[in-house]
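Data block below; observations after.
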There are 2 protein chains.
Amino acid sequence: MDRLFKNFQVSCENCNLDEICLPRGLSEQEVKDLSDVIKSNSVLQQGEYIYRQGDRFKGIVAVKSGTAKLVSNDNQGNEHILNILLPGELTGFDGLNQNRHRCSAIALEVMSYCELPAEKLDSLCQMVPGIARELFRHSGESINESQNQVITSKQSAEVKLALFLTNLSDRLKKRGFSSLSFDLPLTREEMGNLLGLTLETVSRMLKHLQNEGLITVRRKHIEINDLKTLKAICSR
Amino acid sequence: MDRLFKNFQVSCENCNLDEICLPRGLSEQEVKDLSDVIKSNSVLQQGEYIYRQGDRFKGIVAVKSGTAKLVSNDNQGNEHILNILLPGELTGFDGLNQNRHRCSAIALEVMSYCELPAEKLDSLCQMVPGIARELFRHSGESINESQNQVITSKQSAEVKLALFLTNLSDRLKKRGFSSLSFDLPLTREEMGNLLGLTLETVSRMLKHLQNEGLITVRRKHIEINDLKTLKAICSR
DNA sequence: CGTATTATTGACTCCATTCAAAGATAGTGG
DNA sequence: CCACTATCTTTGAATGGAGTCAATAATACG
């Protein structure tokens with residue numbers, strides 16, 4: 001076990017995610033300073049929590065490998081999936097407001113992540129001039145993602161699925177993964193939860209998009225055959 | 001004109017919103033430093049823009065009086081209202097990600113606002129230790145609000161209206177306004193847009209809540225008669 | 001006072017949900 | 001390796017909640 005993950009003990013300086021993660025806009029020296037306070041490569045199994053709703057604000061978390069879901073539980077115990085997180089994506093900004101996490105982040109498969117601890121935030125912002133701006137940028141990205149979800153929520157079932165798939169495709173591409181052939185990290189039920197649909201409707205709509213020749217679905221595996229038309233459907 | 005607004009030329013140090021606005025967590029000296037770079041009290045008429053989607057990131061804006069709506073236009077020109085802004089609330093964080101505003105902020109009535117210009121952000125964060133943290137906190141609040149909208153979007157029409165009214169009531173209370181008797185700054189159509197409903201459904205649901213004895217509606221004026229039951233409806 | 005805007009109300013329609021049953025797949029242990 | 005089970009997915013039929021269309025009413029405003 002110990003041996004298995006030894007080669008994962010990289011710092012920000014030689015991490016292959018540096019172009020899409022926090023270091024993107026920083027100078028070499030700034031990355032070094034950042035690297036010193038980053039807690040790197042915690043590993044989780046499926047279902048384990050990165051942080052829990054209600055926890056004291058832990059810090060800003062960067063997904064290194066694998067995927068996670070962002071989940072909010074309402075007071076009746078219903079689970080609302082707010083988004084999924086891909087490698088290179090940051091989360092934790094929800095804890096900045098009241099110093100407590102307002103939602104949970106849960107591993108969808110075996111995954112690893114790095115962490116910029118909350119207690120180091122203030123001093124780091126002062127020491128490393130660019131870091132505050134970079135953090136704001138990522139925080140802004142979180143806002144944009146949430147706002148996308150709000151707009152998505154007003155669309156028909158067909159458009160919701162098309163938006164979900166194209167958004168995932170775009171984000172995978174940005175992170176250097178195949179954008180036309182990938183596995184969904186969510187079950188039909190979880191997709192339904194995320195999109196405000198029932199699992200049956202998700203199943204039917206995937207079938208429908210397949211019948212139109214736009215995608216090929218096999219269980220959780222998706223092939224996008226006609227991205228252009230799929231994107232056209234998004235604007236209906 | 002000039003004369004009319006002269007007494008509005010206050011700085012952060014003697015602004016009556018200091019407890020709910022950006023200065024909340026800052027020391028006296030920090031507020032002075034902040035005040036030096038704040039552009040205060042621009043006044044807008046209904047329908048005028050604080051900033052436009054696509055504009056270069058202008059800065060962080062604090063609503064001083066009146067209300068505004070946060071709007072995103074999709075590529076077919078459909079307008080999506082993302083939220084409304086009350087006095088003391090901050091906006092503009094959507095511009096932090098790509099240095100361009102991803103949505104527009106539009107006055108819903110005569111309103112005034114202050115502004116922390118984008119170009120002063122970096123230097124201010126370094127000069128005033130607490131300011132980065134305060135900005136993060138408000139940025140976190142923006143995220144929380146967006147996530148609330150996402151959760152709201154999955155509820156029934158009745159629950160959506162109850163959530164909208166109680167959320168508005170809570171925010172008004174926090175800002176020192178009457179929380180049980182207030183005027184809606186939105187038309188039925190705009191409320192429908194915000195909540196993902198048609199204006200007819202909004203009208204019917206307001207009537208329904210009135211028939212239940214929970215609220216009294218007279219055009220845009222709302223009286224909340226039974227906040228407890230109204231909040232109970234939110235968790236259905 | 002007349003017009004434009006906003007809001008209410010009713011009847012009908014349709015999309016997504018609900019309920020129900022069956023099929024497919026992955027993981028487990030004998 | 002296969003049977004067994006739990007989980008996930010597909011598919012169909014019936015139902016219902018919100019949308020659509022349409023007409024009327026109330027209010028604001030010039």
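Proteins come first, then strands; the chains are lettered A, B, ... in the order of their sequence lines, and each starts at number 1. Model, not experiment: these values are computed from the prediction.
- End-to-end axis angle of the helix from dC1(C)-dG30(D) to dG30(C)-dC1(D), from C1' rotation axes over five pairs per end: 40° (rounded to 10 degrees).
- The residue among Arg218(A) and Ser156(A) whose nearest nucleotide of DNA chain C lies closer to the 5′ end is Ser156(A).
- Contact detail for Ile224(A) and Ser169(A): the closest heavy-atom pair is CD1-CB, 3.9 Å.
- Looking at Pro185(A) and Lys220(A), their side chains never come closer than 4.5 Å, going by heavy atoms from C-beta outward.
- Residue-level contact check: Gly192(B) touches neither bases nor backbone, having no heavy atom under 4.0 Å from any strand.
- One atom, NE2 of His221(B), and another, P of dT27(D), lie 14 Å apart when rounded to the nearest Å.
- Following rounding to the nearest Å, Gln155(B) (CD) and dG17(D) (P) show an atom-to-atom distance of 15 Å.
- Residues Asp74(B) and Ser235(A) bring no donor and acceptor atom of their side chains to less than 3.5 Å of each other.
- Side-chain contact, Ser104(A) with Asn73(A): no donor N or O sits under 3.5 Å from an acceptor N or O.
- Interface limits on DNA chain C: the 5'-most and 3'-most nucleotides within less than 4.0 Å of chain B heavy atoms are dT6(C) to dA11(C).
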Listing, residues 157-167 of chain B side-chain donor-acceptor contacts under 3.5 Å, not counting sequence neighbours, or none:
{"from": "Glu158(B)", "atom 1": "OE1", "to": "Arg236(B)", "atom 2": "NH1", "distance (Å)": "3.1"}
{"from": "Glu158(B)", "atom 1": "OE2", "to": "His208(B)", "atom 2": "NE2", "distance (Å)": "3.0"}
{"from": "Glu158(B)", "atom 1": "OE2", "to": "Arg236(B)", "atom 2": "NH1", "distance (Å)": "3.4"}
{"from": "Lys160(B)", "atom 1": "NZ", "to": "Leu195(B)", "atom 2": "O", "distance (Å)": "3.0"}
{"from": "Lys160(B)", "atom 1": "NZ", "to": "Gly196(B)", "atom 2": "O", "distance (Å)": "3.4"}
{"from": "Thr166(B)", "atom 1": "OG1", "to": "Ala162(B)", "atom 2": "O", "distance (Å)": "2.9"}
{"from": "Thr166(B)", "atom 1": "OG1", "to": "Leu163(B)", "atom 2": "O", "distance (Å)": "3.2"}
{"from": "Asn167(B)", "atom 1": "OD1", "to": "Arg171(B)", "atom 2": "NH1", "distance (Å)": "2.9"}

Can you give me every donor-acceptor pair (side chain of residues 141-149 of chain A, partner residue at least two apart or in another chain, under 3.5 Å) with its distance?
{"from": "Asn144(A)", "atom 1": "ND2", "to": "Asn97(B)", "atom 2": "OD1", "distance (Å)": "3.4"}
{"from": "Glu145(A)", "atom 1": "OE1", "to": "Asn83(A)", "atom 2": "ND2", "distance (Å)": "3.0"}
{"from": "Ser146(A)", "atom 1": "OG", "to": "Ser142(A)", "atom 2": "O", "distance (Å)": "3.3"}

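- At least one side-chain heavy atom of Arg188(A) sits under 4.5 Å from a side-chain heavy atom of Leu206(A).
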Could you go through residues 56-63 of chain B and list every donor-acceptor pair under 3.5 Å that involves a side-chain atom there, pairing it with any protein atom two or more places apart or in another chain?
{"from": "Lys58(B)", "atom 1": "NZ", "to": "Ile50(B)", "atom 2": "O", "distance (Å)": "2.7"}
{"from": "Lys58(B)", "atom 1": "NZ", "to": "Tyr113(B)", "atom 2": "OH", "distance (Å)": "3.1"}

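- Leu90(B) has its side chain within reach of Cys21(B): a pair of non-hydrogen atoms, C-beta onward, lies under 4.5 Å apart.
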Mind listing the N/O atom pairs, protein and nucleotides 7-11 of chain D, below 3.5 Å?
{"from": "dT9(D)", "atom 1": "OP2", "to": "Arg188(A)", "atom 2": "N", "distance (Å)": "2.8"}
{"from": "dT10(D)", "atom 1": "OP1", "to": "Arg188(A)", "atom 2": "NH2", "distance (Å)": "3.3"}
{"from": "dT10(D)", "atom 1": "OP2", "to": "Arg188(A)", "atom 2": "NE", "distance (Å)": "2.8"}
{"from": "dT10(D)", "atom 1": "OP2", "to": "Ser203(A)", "atom 2": "OG", "distance (Å)": "2.7"}
{"from": "dT10(D)", "atom 1": "O5'", "to": "Ser203(A)", "atom 2": "OG", "distance (Å)": "3.2"}
{"from": "dT11(D)", "atom 1": "OP1", "to": "Lys207(A)", "atom 2": "NZ", "distance (Å)": "2.6"}
{"from": "dT11(D)", "atom 1": "OP2", "to": "Lys207(A)", "atom 2": "NZ", "distance (Å)": "2.3"}

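- Summarising the geometry, atom NE2 belonging to His138(A) is positioned 12.5 Å from atom CG belonging to Leu96(B); distances are rounded to the nearest 0.5 Å.
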